[in-house]
Amino acid sequence: MTQQPMLKYCGNQSLQDVVISLRSKATHIGLIFTPESKRKVSVYEAESWFRELGDQIKGKKIVGVFVNSTIDAIKEAVNRLPIDIIQCHGNESAEDLLFLKKQIKKPVWKAIHHGDHAIELMRSYQGIASGFVIDTKVQHAWGGSGQSFNWAAVPDYLEEAARQGALCFIAGGIHADNVEKLLHFEPAGIDIASGIETNAKKDRSKIKMIERKVTEHDSAT
Ligand SMILES: O=C(O)c1ccccc1NCC(=O)[C@H](O)[C@H](O)COP(=O)(O)O
């Protein structure tokens, strides 16, 4: 048996979404704080959900996703919410991440868009980013596009992250019908937003289908 991948369910947009993700096998639960996302939530609404949920979030890591945000905006989210990890999903440089880490004192992940210079870009964050989310580059969207990239490149991303001692989540267009193919690459983590939604809401049955495939793959290897 191989180690099951970590599962990050991203773009939770309501208390109900968060409850569904909490009751799943997700290891990481993502909330998006950029106005550029259709999945954007405000710090204040998220604060009310976590107040209501109390200890129920124990055992899950909460990931705050930001795109080229100001330090003050990130600080505000971290001060009000039980955020464990900050995911920078924009053009943030290695210097930006280093400054952020010093200011916020939380692990910082960097989203890298699949493409020709992606490995080189990963290298520039070595020793700074403790995790990478490899996502599809789509025009006019930083993430959450529901589109996958050419997974032939996945082993190279996993290898570079492992060399750095960083986590590596594969993202972009993963759903119940293609997750098996991705599992053959044995990614450390899988990150999904669109593939677990129906009508913009997290969908328990889609989550269950994906988790069944992950478990079946695990017992077959
Ligand atoms: O999901 C979004 O709307 C989003 C918007 C802007 C920046 C990041 C965003 N999502 C971050 C994630 O980690 C998603 O899970 C990742 O992009 C994969 O999304 P999907 O292709 O929809 O599964």
Side-chain angles (χ1 to χ4, degrees), residues 5-14 17-18 20-21 24-42 45-46 60-70 73-74 77 83-92 96-97 107-115 118 129-151 153-154 157 161 166-183 187-203 206-207 209-211 213-214:
M6 292 172 282
L7 294 172
K8 172 169 167 265
Y9 294 157
C10 203
N12 293 276
Q13 296 178 68
S14 63
D17 277 358
V18 177
I20 289 174
S21 293
S24 74
K25 293 186 177 167
T27 50
H28 295 74
I29 295 181
L31 299 178
I32 298 171
F33 296 104
T34 172
E36 291 168 80
S37 171
K38 59 183 177 191
R39 301 184 174 89
K40 179 206 182 324
V41 297
S42 83
E45 57 186 333
K60 307 282 192 200
K61 297 268 188 211
I62 307 297
V63 182
V65 179
F66 300 88
V67 175
N68 303 327
S69 293
T70 62
I74 300 175
I83 291 178
D84 298 294
I85 296 151
I86 296 160
Q87 177 177 325
C88 293
H89 215 102
N91 287 329
E92 303 86 355
D96 293 335
L97 258 69
V108 178
W109 291 359
K110 182 70 188 79
I112 303 284
H113 291 106
H114 165 70
S130 55
F132 293 101
V133 174
I134 313 297
D135 203 354
T136 311
K137 179 75 199 134
V138 172
Q139 254 202 334
H140 310 303
W142 290 102
S145 66
Q147 293 188 43
S148 48
F149 61 89
N150 180 357
W151 289 341
V154 165
Y157 295 130
L167 298 175
C168 190
F169 283 72
I170 305 301
I174 302 161
H175 49 75
D177 293 334
N178 65 5
V179 69
E180 243 172 314
K181 190 177 163 209
L182 179 61
L183 288 166
I190 292 178
D191 181 326
I192 313 176
S194 312
I196 51 169
E197 287 173 356
T198 300
N199 297 330
K201 292 184 170 61
K202 294 302 178 224
D203 181 326
K206 287 186 176 172
I207 287 177
M209 272 195 283
I210 288 171
E211 293 180 350
K213 301 238 164 141
V214 170

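Everything quoted here is computed from the prediction, not taken from an experiment. First listed ligand is number 1; within each ligand, the first listed atom is number 1.
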Thr198 versus Lys206, side-chain donor and acceptor atoms under 3.5 Å: yes
Side chain, backbone, both or neither: the part of Gln87 lying under 4.0 Å from ligand 1 by heavy atom: side chain
Check: Ala166 main-chain N/O paired with Ser130 side-chain donor or acceptor under 3.5 Å: no
Atom 11 (C) of ligand 1: the protein heavy-atom neighbour that sits closest, reported with distance to 0.1 Å: His89 CE1, 3.6 Å
Nearest neighbour in protein (non-hydrogen) for atom 3 (O) of ligand 1: Ser37 OG, 2.6 Å
Min N/O separation Val65 to ligand 1 under 3.5 Å: no
Residue-ligand contact Lys8/ligand 1, heavy atom below 4.0 Å: yes
Contact check: Gly173 vs ligand 1, nitrogen or oxygen atoms, below 3.5 angstrom: yes
Candidate with minimal heavy-atom separation from atom 2 (C) of ligand 1, of Ile32, Asp135, Ile174, Val63: Ile32
Atom 23 (O) of ligand 1: nearest protein contact (heavy atom, Å): Ala193 N, 2.9 Å
Residue, atom name and distance, where the atom is the protein heavy atom closest to atom 22 (O) of ligand 1: Ser194 OG, 2.4 Å
Nearest protein heavy atom with distance in Å, relative to atom 19 (O) of ligand 1: Gly144 CA, 3.2 Å
Val41 side chain near Phe33 side chain, heavy-atom distance below 4.5 Å: yes
Identity and distance of the protein heavy atom lying nearest atom 12 (C) of ligand 1: Cys10 SG, 3.6 Å
With sequence neighbours excluded, residues passing salt bridge (Lys or Arg N to Asp or Glu O under 4.0 Å) with Glu211: none
Non-hydrogen atom of Gly172 closer than 4.0 Å to ligand 1: yes
Sidechain N-carboxylate O distance under 4.0 Å for Asp191, Lys8: yes
Residue that, paired with Pro5, satisfies side chain to side chain contact (heavy atoms under 4.5 Å, CB included) out of Ile170, Val214, Val179, Leu182: Val214
Non-hydrogen side-chain atoms of Thr34 and Val65 separated by less than 4.5 Å: no
Sidechain-backbone polar pair: Lys213 side chain, Ala176 backbone, donor-acceptor under 3.5 Å: yes
N or O pair under 3.5 Å between Lys38 and ligand 1: no
Contact atoms of ligand 1, heavy-atom distance to Val67 under 4.0 Å: 7 (C)
Contacting atoms of ligand 1, where contact means under 4.0 angstrom from a heavy atom of Trp142: 6 (C), 7 (C)
Where ligand 1 meets Ser145 - atom numbers and elements under 4.0 angstrom, heavy-atom basis: 21 (O), 22 (O)
Close approach, Arg39 and ligand 1, non-hydrogen under 4.0 angstrom: yes
Flag side-chain contact, heavy atom, 4.5 Å: Leu183 against Ile190: yes
Exercise: identify the closest heavy-atom pair between Gly173 and His175: O-CD2, 3.3 Å
Min side-chain heavy-atom separation His113-His89 under 4.5 Å: yes
Sidechain-backbone polar pair: Glu197 side chain, Lys202 backbone, donor-acceptor under 3.5 Å: no
Protein heavy atom at shortest distance from atom 14 (C) of ligand 1: Asp191 OD1, 3.5 Å
Side chain, backbone, both or neither: the part of Thr136 lying under 4.0 Å from ligand 1 by heavy atom: neither
contact_flag Gly146 ligand 1 heavy-atom lt 4.0 Å: yes
